[in-house]
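Heads up: the structure comes next, in structure tokens.
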Amino acid sequence: MKVKVNLMFLNYLERNSLLNLKVNLDSNNKLYTQSSPWLDSYFNHHNWQFQSKVEVEDVKLEIGNFETDLENTKRLYSAFKDLTIPQASDERLWTYLTHVEFWKYMRVRWSSDKPDADVLSRYFFSSNSDRALIRNGIARLWWFGYASYDETRRDKFELTKYLLSTQDVVENLLGRSFSRNPKVTKTILRIMEQREKANNPIKTRKIFRPISEHINWLGGVKILDALTEEELEKELMPIVERVGKRYFISQLKKVKKAN
Amino acid sequence: MQIKPRNYPHPVLSHFSDDIVESTFSSTFGWEVTEASCIFTASLDTNNREIADLAEQGKAVYAYHVECSQTRFRELFRSDRKSFVFKIPSDKLEGLVELTPLIIAAERIPAYKNEKFNKDYEARSFDINKGDIIAVGQGEKLTVTRDYDPLKKISSIFSVQPNSSAAAPPIEVNIDWEKVVIKLPKESFERYGLLKKRPSLRTTLSSLLIVPTLVHILNLLKELYAEEDLAVAEYEKRRWFQVLDLRMQKLGFDIRSLEDDTLFIAQQIIGNPLTKALSDLEEFVNESEGELNVS
């Protein structure tokens with residue numbers, strides 16, 4: 001049975017219009033609480049958007065918070081899988097999507113009404129480094145998929161589940177420069193998978209954060225990129241075990257003290 | 001990957017430590033961009049006999065570690081030869097690219113000893129594992145711009161925007177984005193919009209806005225580089241910086257070491273607009289007087 005797929009050409013923001021939005025963010029704060037997209041009236045007929053040559057499948061995102069990230073990563077990455085790296089790193093594209101196409105999703109997921117709302121980093125790119133790619137509200141979904149998608153598995157998003165097990169894992173893994181090497185990222189995700197299946201998970205903040213700090217330190221004295229996946233796993237496992245053991249002992253001490 | 005000065009668990013040949021004395025590790029590379037790839041030609045060398053022997057025996061390799069934060073690219077390129085070529089698909093790199101020259105262990109090297117170890121190590125030897133750094137050189141940065149056009153005018157890195165704030169100053173410059181943003185109060189912005197439609201006034205407007213903006217930026221950069229302020233690293237990632245850097249190199253200036261007068265440099269960068277602006281204004285005045293005479 002053929003499944004009908006709706007295709008669409010992606011639009012993107014004109015460069016100066018993007019800049020206009022960014023430099024006037026303070027004055028435009030209230031606009032981010034509106035229930036509907038507002039760029040048309042803001043730019044007042046000026047040519048603020050263009051149609052790109054990028055054709056993708058139409059996609060709807062599930063409205064919600066962190067619990068929807070996994071499903072939305074699968075949906076968005078599957079629909080936009082053929083984006084090239086330059087396209088996927090282009091702020092004009094993602095800013096259009098956060099402000100127009102996925103406005104309703106953004107209003108809930110990254111509500112600007114909250115006191116700690118960071119409109120700049122969620123609706124735009126707040127910096128020129130890859131940190132911006134995993135902070136922008138829509139770009140992050142694509143880059144989560146890109147970092148964890150595994151063609152060799154039956155469920156190609158199996159490792160994505162571990163990447164998105166907690167917000168802390170996402171930040172501590174993809175926020176580190178060693179994760180730019182997909183081999184390193186996938187090895188760590190595979191270790192997480194093994195530990196989860198052995199009922200010894202490492203996704204909690206008190207375990208995962210020190211593990212990623214140790215890996216970061218290791219990367220300063222050893223070039224992790226020089227190792228094969230098996231060698232990487234051999235190198236990283238002792239760190240995982242050491243940190244896990246230390247955490248387990250500290251938890252035991254707490255229980256003993258409480259008793 | 002920025003290799004910062006650090007202590008390693010074993011002696012490493014580097015420019016920032018004396019773990020290994022009387023030894024050098026030199027590196028150079030050339031690069032070109034084609035439509036399909038960025039092609040790098042690397043040349044690495046060391047005068048340290050033991051390290052060179054390790055490479056000769058295949059126990060160590062010469063390598064370049066390449067990283068581009070804008071595209072989340074990171075890869076190691078290695079060779080058993082001192083001179084080698086490596087290619088990166090051009091769509092994997094954009095903006096600032098960091099390259100670090102290295103010599104790393106290709107396999108486990110038990111009991112590594114070196115005649116040139118600092119005497120603090122006495123007669124110690126070290127077990128080195130695959131991937132461990134044996135020598136590290138000075139990191140280099142370069143800019144890859146996909147749509148770089150050597151003929152592209154410098155004005156493309158400037159953007160004049162309206163300032164929506166009620167208390168907007170007469171002019172405000174913001175260099176935190178990809179372009180240099182010159183913000184004008186709404187009324188001035190509208191006036192600018194009307195005036196720039198007149199070709200004879202464009203150079204004058206450029207002199208009014210872009211030259212002082214450039215002088216401001218150059219003075220700021222001069223100060224930051226002189227004080228070795230780390231804040232400058234953020235600016236280096238910006239597209240305006242990269243385009244400006246390339247333009248200044250063509251004119252024989254070093255953006256990281258400004259010695260000449262910044263007003264002079266700014267005029268050079270824009271192509272000496274003041275002379276043309278005065279000439280344009282003269283023409284504009286003559287035209288206006290001509291119109292008055294006709295009517």
Side-chain angles (χ1 to χ4, degrees), chain A residues 15-29 31 42 46 83-92 120 124-134 143 146-147 174 176-185 217-228 231-232 234-235, chain B residues 1-4 6-10 12 61 63 65-78 89-96 100 102 104-106 128-133 136 146 156 159-166 172 174 176-179 181 183 234-239:
Chain A
R15 211 178 279 279
N16 281 323
S17 301
L18 168 62
L19 264 177
N20 182 320
L21 288 175
K22 285 176 93 163
V23 302
N24 290 302
L25 198 50
D26 282 344
S27 327
N28 292 340
N29 239 312
L31 294 172
Y42 179 82
H46 171 68
L83 281 185
T84 64
I85 297 299
Q87 289 164 350
S89 330
D90 199 317
E91 185 183 9
R92 298 171 299 169
L120 180 62
F124 299 88
F125 283 6
S126 57
S127 72
N128 208 22
S129 77
D130 52 352
R131 199 161 259 283
L133 301 174
I134 59 166
W143 285 93
Y146 180 75
L174 295 190
R176 305 249 184 215
S177 66
F178 60 69
S179 72
R180 291 172 187 165
N181 185 324
K183 193 174 41 171
V184 177
T185 304
W217 177 86
L218 180 67
V221 298
K222 181 193 283 292
I223 305 298
L224 299 176
D225 318 76
L227 307 179
T228 62
E231 287 165 343
L232 264 171
K234 250 186 175 173
E235 198 66 47
Chain B
M1 178 175 79
Q2 274 191 320
I3 298 272
K4 293 173 191 163
R6 67 180 71 217
N7 292 322
Y8 291 91
H10 54 270
V12 168
V61 285
H65 189 270
V66 182
E67 214 158 347
C68 175
S69 73
Q70 209 165 315
T71 56
R72 282 188 67 85
F73 176 83
R74 175 177 159 138
E75 202 170 323
L76 183 76
F77 297 90
R78 51 196 134 168
S90 60
D91 67 346
K92 300 279 186 199
L93 301 177
E94 171 83 32
L96 194 67
T100 309
L102 300 152
I104 59 171
I128 307 289
N129 291 305
K130 183 181 176 183
D132 283 356
I133 298 172
V136 59
R146 197 176 317 287
S156 66
S159 174
V160 182
Q161 296 287 339
N163 192 334
S164 311
S165 167
E172 198 179 306
N174 189 311
D176 294 327
W177 313 114
E178 288 313 290
K179 286 193 179 189
V181 176
K183 286 167 82 172
E234 272 311 303
Y235 296 135
E236 285 179 344
K237 294 175 189 169
R238 304 287 174 223
R239 184 174 159 68

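Throughout, a chain's letter reflects where its sequence line sits, starting with A, and its residues are numbered from 1. Basis for what follows: all heavy atoms, side chains included, without hydrogens, waters or symmetry-related copies. Computed from a predicted model, the values in this text were never measured in an experiment.
- For the residue pair A/L120 and B/W177, the shortest heavy atom distance occurs at CD1-CH2, 3.8 Å.
- Ranked by heavy-atom pairs under 4.5 Å with chain A, the list B/K130, B/E75, B/H10 is led by B/K130.
- In this structure, chain B has no heavy atom under 4.5 Å from any part of A/L218.
- Interface remark: B/D132 contributes backbone and side-chain atoms alike to the contact with chain A (heavy atom separation under 4.5 Å).
- Interatomic distance, CD1 of A/I223 versus OG1 of B/T100, reported as 7.5 Å (0.5 Å rounding).
- In summary, the side chains of B/R74 and A/S179 do not present any donor paired with an acceptor at a separation below 3.5 Å, with no hydrogens or angles considered.
- When all heavy atoms of B/F73 and A/R180 are compared, the closest pair comes out as O-CD, 4.3 Å.
- If you measure heavy-atom distances from B/R238 to chain A, the contacts under 4.5 Å come from both the backbone and the side chain.
- With values rounded to the nearest 0.5 angstrom, A/R15 atom CZ is found 8.0 Å from B/E178 atom CD.
- Of all the heavy atoms in A/G220 and B/I133, the pair that sits closest is O-CD1, 3.8 Å.
- Contacts of A/Y146 with chain B are made by side-chain atoms alone, with heavy-atom separations under 4.5 Å and no backbone atom involved.
- Heavy-atom minimum distance, B/P9 versus A/V221: CD-CG1, 3.8 Å.
- Rounded to the nearest 0.5 Å, atoms OG (A/S177) and CD (B/E67) are 5.0 Å apart.
- Within a 6.0 Å sphere centred on CZ of A/R131, heavy atoms belonging to other residues, nucleotides or ligands number 12 at most.
- Taking 4.5 Å as the limit, every side-chain heavy atom of A/I85 sits out of range of all side-chain heavy atoms of B/E94.
- Residue A/E235 does not touch chain B at all, counting heavy-atom pairs closer than 4.5 Å.
- For chain A, no part of B/P89 is nearby; none of its heavy atoms comes within less than 4.5 Å.
- From A/I134, atom CD1 reaches atom CZ of B/R72 across 6.0 Å, with rounding to the nearest 0.5 Å.
- Closest of all the heavy-atom pairs between A/N16 and B/K179 is OD1-NZ, 3.8 Å.
- A/N24 and B/S164 form a side-chain donor-acceptor contact under 3.5 Å, judged by distance and modelled atom types alone.
- Contact record, B/Q70 with A/L133: O-CD1, 3.8 Å, taken as the closest heavy-atom pair.
- Residues B/P162 and A/N20 are in side-chain contact: their nearest non-hydrogen atoms beyond the backbone lie under 4.5 Å apart.
- At a 4.5 Å heavy-atom cutoff, B/D176 makes no contact with chain A through either its backbone or its side chain.
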